[in-house]
Novice: 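Handing you a structure now.
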Protein chains: 2
Amino acid sequence: MATEEDKPRESLWERLERPSPTPRQTLSPQRIAAAAAAVADAEGLEAITMRRLASELGVAPMAPYRYVAGKDDVLELMVDHVYADLRLPDGLGWRETMRALALGTRDLVLRHLWLAQLSPQARLSLTPNRMAVAEQALSALDGLGLDADAMMSVFRAVDAYVTGALNYESAVLNLLREHGWSDGGELRSELAPQMIWHMRTGRYPTFQRYLRTATRKDDAHWQFESGLTYVLDGIAAELGI
Amino acid sequence: MATEEDKPRESLWERLERPSPTPRQTLSPQRIAAAAAAVADAEGLEAITMRRLASELGVAPMAPYRYVAGKDDVLELMVDHVYADLRLPDGLGWRETMRALALGTRDLVLRHLWLAQLSPQARLSLTPNRMAVAEQALSALDGLGLDADAMMSVFRAVDAYVTGALNYESAVLNLLREHGWSDGGELRSELAPQMIWHMRTGRYPTFQRYLRTATRKDDAHWQFESGLTYVLDGIAAELGI
DNA sequence: ATTTCGTGAGATACAACGTACACATGAGTG
DNA sequence: CACTCATGTGTACGTTGTATCTCACGAAAT
């Protein structure tokens, strides 16, 4: 059965672009976004509560609800706020543009680790600044003789790889931060007992050999670039571009 | 300053393999994992609360805490529980093994959509069944003349792509389920007003052209395979295997 | 057969969270 | 000066994760 709330509620972004009739207000979606992003940058996503956000803005806990429908809207505003910093240079070839997309996204996520902690559904929302990046990326894939489906498959493949790689990389960094550990060495020494126990079972000989002989276990940038090279090489080979 | 709780707490998995001295108990980690996974399969991850889980098991809300240190442990148990269904066939070449890893993971996640809703840090934990899959994948990359770092970079690249692609795919499906929508058409018609508004701004001409001319927008399987082909092709090209 | 003891489950309670709802307030307009 | 409506306040409710105390029961010991 259809419920009442299915009416086509005006989108968050639609409301934003129409300036409010009385502009004299202490609160605004922009201030909310900036304050929330600042808190999350400094203390992680779990520090974002509606009460904390309100106190940060110097208002009562329920005040921000004049501008957002709920906490999910706040997260959406935060995402769009930081994505304003990500733009791709024009005039590059498709491969350099995809590389800029990947490396730029990585920079952004490493500067705002909470981006990777958002629920996948929060990352689905098409905010203006994310749409702008997608448009830039797609337009760099235009004019290569690809049909629309192929163009999107390239964009999506790069985006999927970047998302997955950063999911992992930032999860490690968030773990470090939450426990107050400083570097990967400290992480490994903390996790060592568990890992040693796993290895003692003798069930994972190949994995164990990796642990013993690998030399770039901590080189996150190299790992990111390696995978990115695979993806871009494969696109070039498969599509002949 | 170092806190007391930094003592090397025995791992969840370490405790599990040592059978409890008095085996007569109504609760067990296995029962907890199975019950929780069943609830999440049927009603989504947000249905998993400690109270709900306890009532599902017919015990008091705090009873499961005998076996898990907190909700995070429950999630870890759930992950391991369903990963028991994922094993890779032996004896295949590296490419077929990586394909089996990707497609098998996709099957698993589509059967248990809540897997993609877990926090990245929950997915970091190395549960026995996930370790087993990783070991199988790595051993298929053995003997190809790759060093340990290259082997892991291949595994990680495939895993990152799969994670990212499924993050997106399952987010759409979770959105459908939560709103009670049946298929992609219904999703698009619900989101149409927002999308039309975005397009009316005229800022996204390439994106708009994609929306008009693409024919495989709903073919999730094709999209997954396309990206996977790029990744595997790139690995083959870059490493000469 | 009775006592002892430890383990597993129950009951109660608390702080923190998101948010619904009714009220106060103060600037702009007549 | 009165009216009005957008904007922020105060209070409260239901739900969550989980700390802590208490209780029951089965096995081992006497």
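Just so it is clear, the values below take in all heavy atoms, side chains as well, and ignore hydrogens, waters and symmetry mates. So you know, we letter chains A, B, ... as the sequences are listed, proteins then strands, and number each from 1.
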Novice: Starting at atom CE of B:Met50, determine the distance to atom P of C:dA9, rounded to an integer number of angstrom.
Specialist: 13 Å

Novice: Taking only residues two or more places apart in sequence or in another chain, which ones pass side-chain hydrogen bond (donor to acceptor under 3.5 Å, both in side chains) with A:Asp80?
Specialist: A:Thr127, A:Asn129

Novice: Checking contacts here: which listed nucleotide (D:dG17, D:dG8, C:dG10) is nearest the side-chain heavy atoms of A:Tyr67?
Specialist: D:dG8

Novice: Write down the distance between CG (A:Leu53) and C1' (D:dG8), rounded to a whole number of angstrom.
Specialist: 14 Å

Novice: Can you name the residues that form a side-chain contact (heavy atoms from CB on, under 4.5 Å) with A:Leu175, not counting sequence neighbours?
Specialist: A:His179, A:Leu187, B:Gln121, B:Leu124

Novice: I'd like to check the side-chain contact (heavy atoms from CB on, under 4.5 Å) partners of B:Ala137; sequence neighbours left out, ordered by chain and number.
Specialist: B:Leu88, B:Met98, B:Leu101, B:Phe155

Novice: Report the end-to-end axis angle of the helix from C:dT2-D:dA29 to C:dG30-D:dC1; each axis comes from five terminal pairs, and the value is rounded to 10°.
Specialist: 20°

Novice: Take the protein atom NZ of B:Lys71 and the nucleotide atom P of D:dT18, then report the distance between them rounded to whole Å.
Specialist: 8 Å

Novice: Using the test side-chain hydrogen bond (donor to acceptor under 3.5 Å, both in side chains), find all partners of B:Ser125 that sit at least two apart in sequence or belong to another chain.
Specialist: none

Novice: Using heavy atoms and a sub-4.0 Å distance, could you list which residues of residues 33-40 of chain B are near DNA chain D? By number, please.
Specialist: none

Novice: For the pair B:Asp41 and B:Arg111, find out whether any cationic side-chain nitrogen is under 4.0 Å from an anionic carboxylate oxygen.
Specialist: no

Novice: Both A:Arg66 and A:Glu46 contact DNA chain C. Taking the nearest nucleotide for each, which residue is further toward the 5' end?
Specialist: A:Glu46

Novice: Would you list the protein and nucleotides 11-15 of chain D atom pairs, both N or O, that sit under 3.5 Å from each other?
Specialist:
none

Novice: Check the distance between C:dA15's C1' and A:Arg52's CZ and give it to me in whole angstrom.
Specialist: 17 Å

Novice: By side-chain hydrogen bond (donor to acceptor under 3.5 Å, both in side chains), which residues pair with A:Tyr168, not counting sequence neighbours?
Specialist: B:Arg156

Novice: Starting at atom OH of A:Tyr65, determine the distance to atom P of C:dA20, rounded to an integer number of angstrom.
Specialist: 7 Å

Novice: Scan B:Ala63 against the nucleic acid and name what it touches under 4.0 Å (heavy atoms): base, sugar-phosphate only, or nothing.
Specialist: sugar-phosphate

Novice: Only counting residues at least two apart or in another chain, list the ones meeting ring-ring contact (aromatic ring centres under 6.0 Å, His included) with B:Phe224.
Specialist: B:Tyr161

Novice: Do A:Arg123 and A:Val79 have side chains that get closer than 4.5 Å, going by heavy atoms?
Specialist: no

Novice: Kindly write out the residues that satisfy ring-ring contact (aromatic ring centres under 6.0 Å, His included) with A:His112, not counting sequence neighbours, or none if the list is empty.
Specialist: A:Trp114

Novice: Using a heavy-atom cut-off of 4.0 Å across all strands, would you classify B:Leu57 as base, sugar-phosphate, or nothing?
Specialist: nothing

Novice: Taking only residues two or more places apart in sequence, or in another chain, which ones meet A:Glu56 in a side-chain hydrogen bond (donor to acceptor under 3.5 Å, both in side chains)?
Specialist: A:Arg52

Novice: For residues 160-186 of chain A, which residue pairs qualify under salt bridge (charged side-chain N to carboxylate O under 4.0 Å, His left out), counting only residues two or more places apart or in two chains?
Specialist: A:Glu46-A:Arg177, A:Arg106-A:Glu169

